[in-house]
Visitor: 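Dropping a structure here in C-alpha cells format, bear with me for questions.
Just so we're on the same page: letters track the sequence lines, and every chain starts at 1.
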Number of protein chains: 2
Amino acid sequence: MGVTKSYHFTELQNELASLLKAIAHPARIAIIQHLLKVESCICSAIVDEIPLAQPTISQHLKELKNAGLIKGTIEGNSICYCLNEQGFNKIKGFLEIVSSHLESQKKQCC
Amino acid sequence: MGVTKSYHFTELQNELASLLKAIAHPARIAIIQHLLKVESCICSAIVDEIPLAQPTISQHLKELKNAGLIKGTIEGNSICYCLNEQGFNKIKGFLEIVSSHLESQKKQCC
DNA sequence: ATTTTATATTGCAATATTACGATATAGTTT
DNA sequence: AAACTATATCGTAATATTGCAATATAAAAT
C-alpha cells in the first residue's frame with residue numbers, strides 16, 4: 001500500500017523514524033557534513049557543493065528543516081542554514097540507549 | 001525519477017544513508033526496541049508483538065538484516081534474531097562526530 | 001506420513017520519494 | 001524600474017517503499 005501504519009506505533013517511535021528518515025539520504029548527509037565543516041553557517045553554496053539541481057537541493061533542505069535537523073534564517077537575498085542541535089540529540093539519545101543495552105548484554109546469542 | 005543518484009556521493013555517505021534508512025521506520029524501531037528489551041534474543045514472537053501481518057514483519061526483518069543491524073540464526077523450527085552491534089556503532093560514530101562538532105561551535109548563527 | 005508451526009517469497013495495489021525543468025517570489029544591484 | 005541573484009514551489013516522470021493475501025518451504029509434532 002505504500003503508507004506506513006503509524007497509528008500502530010508510539011509517538012516516540014514515529015518521531016524517531018521521521019528524524020532518521022530525514023537523514024537517510026546521501027545528499028542530506030552530504031549537506032549535514034558540509035554544514036559541519038564550514039562552521040559558520042555559510043548559506044546555500046550547498047548548491048555549488050553538491051552535484052544536484054537547485055530545486056532538488058532546495059527540497060532536501062526543506063525536509064531537513066521540517067524534521068528539525070537544520071535551521072534557516074533569511075539574510076538579505078540569501079538564506080543561512082545551520083544545524084539544529086536538538087534534532088540530532090534526539091537521535092543520539094536513542095542510539096546511546098541501544099549501545100548501553102548492547103554493552104551490558106554479556107551473552108551474544110547469534 | 002525516484003532513484004537516488006548515489007554515484008555522486010562517497011561510499012561512507014551512501015553506507016550511512018542505507019543504515020539510517022533501515023532504522024527509519026516505526027515498525028523497525030519497534031523491532032529494535034523489542035530485541036533490546038528481551039535481552040536474550042527471543043525469536044519472532046515479534047510477530048505477536050507488532051500489529052502487522054507476518055509477511056510484513058518478515059520483510060522488515062529482512063531489511064534490518066541486509067543493512068547489518070540484526071543477525072538471525074536458525075534454531076530448529078524457528079529463527080533467533082538479535083541486534084548486531086557493528087551496524088549501530090557506525091551510526092553512533094557519525095552522530096558523535098556531529099555532536100562534538102556542534103558543541104565546539106560556540107557561536108550559533110540561526 | 002500427515003498435520004502443525006514458523007518463516008520466507010511472490011505478486012500486486014496504494015502511496016511515497018527522488019529528481020528536475022519551468023516558473024514564481026523576493027531581495028539586490030545597476 | 002530593469003536586470004540580476006538566490007531560493008522556493010509546481011508539475012510530472014521514474015522509481016522505491018509499504019503492506020498484505022496467497023503460497024512456498026522446512027522443521028516439529030502427532
Visitor: Between B:Ile46 (CD1) and C:dT7 (P), how many Å, whole number?
Guide: 9 Å
Visitor: Under 4.0 Å, heavy atom to any atom of DNA chain C: which of residues 22-32 of chain A qualify?
Guide: A:His25, A:Arg28
Visitor: How long is the straight-line distance from SG of B:Cys82 back to NZ of B:Lys71, given to the nearest 0.5 Å?
Guide: 5.5 Å
Visitor: Return the residues of residues 58-68 of chain A meeting this criterion: a heavy atom under 4.0 Å from some atom of DNA chain C. Order them by number, or give none.
Guide: A:Gln59, A:His60, A:Glu63
Visitor: Looking at residues at least two apart in the chain, or sitting in another chain, which of them share a side chain to side chain donor-acceptor pair (under 3.5 Å) with B:Gln13?
Guide: A:Gln33, B:Thr10
Visitor: With A:Lys65, which residues qualify under side-chain contact (heavy atoms from CB on, under 4.5 Å), at least two apart?
Guide: A:Ile70, A:Tyr81
Visitor: Give, for atom CG of B:Leu69 and atom CG of B:Leu61, the distance between the pair rounded to the nearest 0.5 Å.
Guide: 11.5 Å
Visitor: Considering only heavy atoms, which members of residues 4-11 of chain B lie under 4.0 Å from some atom of DNA chain C?
Guide: B:Thr4, B:Lys5
Visitor: Do A:Ile74 and A:Ile57 land in one hydrophobic cluster if side-chain heavy atoms of ILVMFWY residues count as linked below 4.5 Å?
Guide: yes
Visitor: Not counting sequence neighbours, which residues clear side-chain contact (heavy atoms from CB on, under 4.5 Å) with A:Asn77? List them please.
Guide: none
Visitor: Quick one: which protein N/O atoms are closer than 3.5 Å to N/O atoms of nucleotides 23-30 of chain C? Pair and distance per line, please.
Guide:
residue : atom : partner : partner atom : Å
C:dG27  : O3'  : A:Asn77 : N            : 3.4

Visitor: Quick check on D:dA6: is either OP1 or OP2 less than 4.0 Å from any side-chain nitrogen or oxygen of A:Tyr81?
Guide: no
Visitor: Roughly how far, to the nearest 0.5 Å, is the CD atom of B:Gln54 from the CD1 atom of B:Ile46?
Guide: 11.5 Å
Visitor: Can you tell me how far CD1 of B:Ile97 sits from CG of A:Leu36, rounded to the nearest 0.5 angstrom?
Guide: 8.5 Å
Visitor: Between B:Thr56 and B:Val3, just flag the one whose closest nucleotide in DNA chain C comes earlier from the 5' side.
Guide: B:Thr56
Visitor: Restricting to side-chain contact (heavy atoms from CB on, under 4.5 Å), what partner residues turn up for A:Ser100, sequence neighbours left out?
Guide: none
Visitor: Would you give me the side-chain donor-acceptor pairs under 3.5 Å for residues 20-31 of chain A, sequence neighbours excluded?
Guide:
residue : atom : partner : partner atom : Å
A:His25 : ND1  : A:Ala27 : N            : 3.0
A:His25 : NE2  : B:Thr4  : OG1          : 3.3
A:Arg28 : NE   : A:Ala22 : O            : 2.5
A:Arg28 : NH1  : A:His60 : ND1          : 2.9
A:Arg28 : NH1  : A:Glu63 : OE1          : 3.2
A:Arg28 : NH2  : A:Lys21 : O            : 3.2

Visitor: Report the distance from atom CG of B:Asp48 to atom C1' of C:dT5, rounded to the nearest whole Å.
Guide: 12 Å
Visitor: Out of curiosity, B:Lys62 NZ to B:Asn66 CG, how far, rounded to the nearest 0.5 Å?
Guide: 6.5 Å
Visitor: In residues 12-21 of chain B, which residues come under 4.0 Å of DNA chain D by heavy atom?
Guide: B:Lys21
Visitor: My understanding is that only residues two or more places apart in sequence, or in another chain, count here; which of them pass side-chain contact (heavy atoms from CB on, under 4.5 Å) with B:Asn89?
Guide: A:Ser99, B:Glu85
Visitor: Taking the side chain from A:Ser18 and the backbone from A:Asn14, do they hold a donor-acceptor pair closer than 3.5 Å?
Guide: yes
Visitor: Given B:Ile50, which of B:Leu52, B:Val47, B:Asp48 fulfils the side chain to side chain contact (heavy atoms under 4.5 Å, CB included) condition?
Guide: B:Leu52
Visitor: Strictly by salt bridge (charged side-chain N to carboxylate O under 4.0 Å, His left out), give each pair with a member in residues 90-102 of chain B just once, sequence neighbours left out.
Guide: B:Glu15-B:Lys90, B:Lys92-B:Glu96
